[in-house]
Each structure stands twice: as structure tokens, then as C-alpha cells.
Amino acid sequence: MEQKRKTIEWHPAFTASLQIEFEDEADKIIFESEHLLSKKPMQIDELVIKVHDNEKIQKNIGRIFRKHNIVEYKSPEDYLTINDFYKVYGYCCFYQSDTEHVCEIPPEELTITFICNHYPRNLIQHLEKVRKLQIKKEEPGIYYFVGDAIPIQLLITKELNLEENRWLGSLRSNIKNQSEIEAILKEYEEKKNSKLYQAAMEVITRANWEAIKEAKPSMCEALKELMAEEFQELEEQVTERVTEQVTEQVTERVTERVTEQVTEQVTERATEQLVKNLYENVGNAEKVAEMLKLPIETVRRIL
């Protein structure tokens with residue numbers, strides 16, 4: 001019986017992908033995820049601070065950057081609304097003002113970046129009509145809002161040039177092009193030891209599993225390694241949990257034979273739970289059997 005898929009957590013992958021995009025200039029900037037604006041639960045998705053004021057960022061999505069850069073990210077299922085715009089604009093103003101000294105952060109050193117998968121047509125119309133801003137398309141997927149005191153840019157992930165912004169551009173759940181999949185798998189295979197690449201690739205894989213599993217078999221080896229640690233941790237957690245449950249039922253007078261039977265039951269229950277959890281993530285019985293090196297008949301019996 002097919003189980004419900006886990007909710008995909010996009011924001012950790014976004015944080016990793018954003019840092020990947022700037023990895024060639026990582027020494028120029030500092031990333032602070034979910035930067036708290038105050039002691040209250042109000043936070044920026046990402047705060048990007050340039051290390052040296054006079055250094056220019058060459059990356060296409062960072063050319064607008066000044067010293068302090070507020071970034072708001074929307075997952076592929078979410079939309080950027082008019083309220084979101086004013087909320088983040090307010091965060092930017094609050095960030096500037098929440099300092100010990102007046103103008104400790106010069107207003108002219110602030111920028112705002114919005115990142116989403118859907119073009120926010122209603123917001124754009126509002127900004128043009130009400131705030132009299134001009135929307136300038138700088139390059140594919142990169143739009144500048146011209147006319148505000150604070151430089152503002154909008155990044156549409158599905159429109160970005162994948163040769164330039166592969167990881168941000170791949171943060172979506174509708175990847176179909178096999179050449180695109182093979183390109184990101186190839187790049188991941190070269191950087192698979194990086195925690196940033198692992199975080200981004202895991203979410204991209206979960207969101208596009210049906211398309212990715214059709215890629216060349218040789219390309220999937222890196223993904224097996226990516227998921228191996230998670231499966232190992234899951235197996236250990238299940239085994240520990242089941243063992244604790246069984247141990248509570250075993251008294252001090254248990255015989256050696258009973259102990260052996262309990263151990264067999266623990267192993268069997270742990271295997272069953274692991275198969276079910278793995279199937280929940282992978283969604284393919286044959287792939288589960290291959291990863292766990294179990295007969296396909298055993299996997300199907302458990303499911």
C-alpha cells in the first residue's frame with residue numbers, strides 16, 4: 001500500500017543553492033539564514049552581507065548587492081503577494097533601524113531580493129500602478145524594480161539561465177528535461193562531498209523523483225550515496241525504537257531461547273519498518289529492494 005509522501009522542506013535547499021550560486025565569490029560575502037530581526041518571531045529568510053564594501057559581486061543575481069542585502073524566498077508551490085512585498089520592505093526598514101546608533105546601517109547600503117517560481121503578475125501591476133515603479137528585465141529570470149529608494153530585484157527561478165544559475169533554477173518540482181537532469185546529476189557527482197550540494201540535491205531529488213529515476217543508471221550512483229546515510233540513520237532509529245519496546249516486555253527470567261526469538265522479531269520488525277519508510281521516500285518497490293539488497297518478493301510482501 002502506497003504511503004503518503006513526506007512534506008518537502010524547500011528552504012534549507014534554497015539556502016544551500018543560494019550559497020552554491022555564489023561559491024566562486026564566497027570570500028566576499030557572509031550568509032545568515034533566517035536572520036532574526038528581534039527577539040520576537042520575525043525573521044528574514046536570508047541576509048547576505050558583503051565582507052568588503054568596495055568589492056563588486058560579479059554573479060548575475062548579486063550585481064545589485066550593496067553592503068546589506070535582504071532576501072525573501074518563496075517555495076515552488078507558494079506565490080509572492082502584495083502583502084509579502086510590504087512585509088519584506090518593512091523588514092528591510094526594521095533591520096536598518098534596529099541598531100544601537102542612528103544610521104549605523106546607511107539606508108543607501110540596503111537592497112531587497114525576492115525569489116519565487118511564479119511570476120507575480122498582481123504584485124507587478126500594483127507596483128507599476130500604485131508605487132509608479134518600472135519593471136526592467138535585466139536578463140532571463142532577473143527583474144529590477146526601478147524607481148524606489150531601495151534597489152529591489154525579482155528572481156523567477158524557472159526562468160533563470162541554467163548554465164549560470166543551475167541550482168536555484170532547479171529548485172522546482174516539474175523538471176522534465178532529461179538533459180537538465182543529467183547536467184545537475186553530473187555536477188552533483190563532482191561535488192557530492194559538499195554539505196551544501198547534498199542539501200540542495202536531496203530536495204531536488206525528492207521533488208522530481210519520477211523524472212530523475214529515469215536518468216542513466218550510472219548517474220544514480222551519486223544519489224544512492226546521498227540517500228545511504230539517511231537510510232542508515234533510519235535503520236538505526238527503527239532498530240533502537242523497536243528494541244526498546246521489546247526490552248520493556250522482557251523480564252529478568254527470560255530464557256536464552258526467548259531472547260533469541262525476541263532478537264529475531266526485532267530484526268524482522270526493523271526491516272519491515274525500514275522498507276516502509278524507504279518506500280515512502282522512493283515510491284518504487286524495485287528500487288527499495290535494490291538499495292536494501294532484499295528479494296523483491298520480500299519487499300512486496302511487506303508493502
Side-chain angles (χ1 to χ4, degrees), residues 9-23 25-75 78-117 120 123-124 126-127 130-136 138 142-157 165 168 171 196 199:
E9 296 293 339
W10 289 95
H11 279 72
F14 152 68
T15 294
S17 295
L18 186 65
Q19 293 184 45
I20 288 171
E21 294 287 350
F22 289 103
E23 64 180 349
E25 299 176 275
D27 59 332
K28 297 181 181 179
I29 48 184
I30 299 170
F31 293 86
E32 296 181 15
S33 300
E34 297 184 343
H35 176 82
L36 292 176
L37 287 171
S38 68
K39 294 181 180 179
K40 297 180 180 180
M42 181 168 58
Q43 61 189 27
I44 297 169
D45 280 348
E46 194 79 22
L47 176 65
V48 182
I49 304 174
K50 282 173 53 176
V51 176
H52 302 293
D53 296 350
N54 58 347
E55 279 191 312
K56 290 186 177 180
I57 301 300
Q58 301 302 319
K59 187 69 176 181
N60 61 345
I61 61 175
R63 291 176 189 145
I64 196 175
F65 283 178
R66 295 183 177 178
K67 178 67 175 179
H68 303 269
N69 308 280
I70 283 78
V71 181
E72 171 77 0
Y73 172 70
K74 292 292 182 182
S75 62
D78 208 350
Y79 291 83
L80 183 64
T81 68
I82 296 172
N83 282 1
D84 290 325
F85 174 85
Y86 286 104
K87 177 193 73 174
V88 177
Y89 200 97
Y91 283 178
C92 182
C93 295
F94 184 87
Y95 172 76
Q96 186 281 329
S97 63
D98 190 35
T99 55
E100 184 175 352
H101 305 290
V102 175
C103 276
E104 183 175 321
I105 298 176
E108 62 271 19
E109 289 301 320
L110 294 165
T111 75
I112 298 174
T113 295
F114 294 98
I115 303 178
C116 57
N117 191 53
L123 170 61
I124 297 302
H126 171 82
L127 295 178
V130 176
R131 295 182 64 97
K132 309 303 180 183
L133 301 182
Q134 295 180 343
I135 312 305
K136 175 186 175 184
E138 188 68 10
I142 302 178
Y143 300 83
Y144 288 171
F145 296 176
V146 181
D148 195 276
I150 300 175
I152 304 172
Q153 70 173 344
L154 168 68
L155 307 181
I156 306 298
T157 52
N165 309 110
L168 275 183
L171 282 185
L196 294 177

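Just so it is clear, the structure is predicted and the values come from calculations on it, not from any experiment.
Among all heavy-atom pairs drawn from Lys50 and Asp53, the shortest one is NZ-O, 3.3 Å. Here the closest heavy-atom approach between residue Ala199 and residue Ala13 is recorded as O-CB, 3.8 Å. Closest approach of Pro151 and Leu110 over heavy atoms only: CD-O, 3.3 Å.
Here CG of Asn165 is found 12.0 Å from CD1 of Ile20. Values are rounded to the nearest 0.5 Å. In this structure, Lys74 NZ and Ile115 CD1 are separated by 12.5 Å, a value rounded to the nearest 0.5 Å. A distance of 9.0 Å separates OG1 in Thr111 from CD1 in Ile152, rounded to the nearest 0.5 Å. Considering SG of Cys92 and CD of Glu72, their distance stands at 12.0 Å, rounded to 0.5 Å. We find the NE2-CD1 distance between His68 and Ile49 to be 6.0 Å, quoted to the nearest 0.5 Å. Separation of atoms CG (Asn54) and NZ (Lys67) is listed at 9.5 Å; rounding is to 0.5 Å.
Residues Thr113 and Phe65 meet the side-chain proximity criterion, which asks for heavy atoms closer than 4.5 Å. Using a 4.5 Å heavy-atom threshold, the side chains of Leu47 and Ile70 count as touching. Counting heavy atoms from C-beta outward, Leu168 and Phe14 have side chains that approach closer than 4.5 Å. The closest side-chain heavy-atom distance from Leu154 to Leu80 is below 4.5 Å. Side-chain contact between Tyr73 and His11: present, with at least one pair of heavy atoms (C-beta onward) separated by less than 4.5 Å. In this structure the side chain of Phe31 never reaches within 4.5 angstrom of the side chain of Thr15, judged on heavy atoms. Looking at heavy atoms from C-beta onward, Val51 lies in side-chain contact with Ile30 at the 4.5 angstrom threshold.
Side chain of Glu109 to main chain of Pro106: no donor-acceptor pair is present (N/O by atom type, distance under 3.5 Å, no hydrogens or angles). Between the side chain of Lys132 and the main chain of Gly147, no donor-acceptor pair closer than 3.5 Å is present. Judged by distance alone, with hydrogens and angles left aside, the side-chain atoms of Gln96 form a donor-acceptor pair with the main-chain N or O of Ile105 at under 3.5 Å.
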- Message: Test side chain to side chain contact (heavy atoms under 4.5 Å, CB included) on Cys116 and Thr157; report intermediate values, then the result.
- Response: CA-CA 6 Å; Cys116 57; Thr157 52; over 6 Å; no

Exercise for review: Carefully, step by step, assess Tyr89 and Asp148 under the rule side chain to side chain contact (heavy atoms under 4.5 Å, CB included).
Suggested key: CA-CA 11 Å; Tyr89 200 97; Asp148 195 276; 2.8 Å; yes

- request: Go through the steps for Gln153 and Ile142 under the test side chain to side chain contact (heavy atoms under 4.5 Å, CB included), then give the verdict.
  value: CA-CA 7 Å; Gln153 70 173 344; Ile142 302 178; 3.8 Å; yes

### Chi angles and distances behind the side chain to side chain contact (heavy atoms under 4.5 Å, CB included) call for Phe94, Met42
CA-CA 10 Å; Phe94 184 87; Met42 181 168 58; 3.9 Å; yes

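Within 6.0 Å of CD on Gln134 lie no more than 12 heavy atoms contributed by other residues, nucleotides or ligands. In Lys87, the NZ atom is crowded: over 12 heavy atoms of neighbouring residues, nucleotides or ligands sit closer than 6.0 Å.
Ion pairing between Glu108 and Arg66 fails under the 4.0 Å rule for side-chain N and carboxylate O.
The cationic atom of Arg131 (NZ for Lys, CZ for Arg) does not lie both less than 6.0 Å from the six-membered ring centre of Phe145 and within 45° of the ring axis.
Each of Glu21, Glu25, Glu23 was scored for a side chain to side chain donor-acceptor pair (under 3.5 Å) with Lys59, with one residue passing: Glu21.
Taking the six-membered ring where the residue is Trp, the centroids of His35 and Tyr95 are separated by under 6.0 Å.
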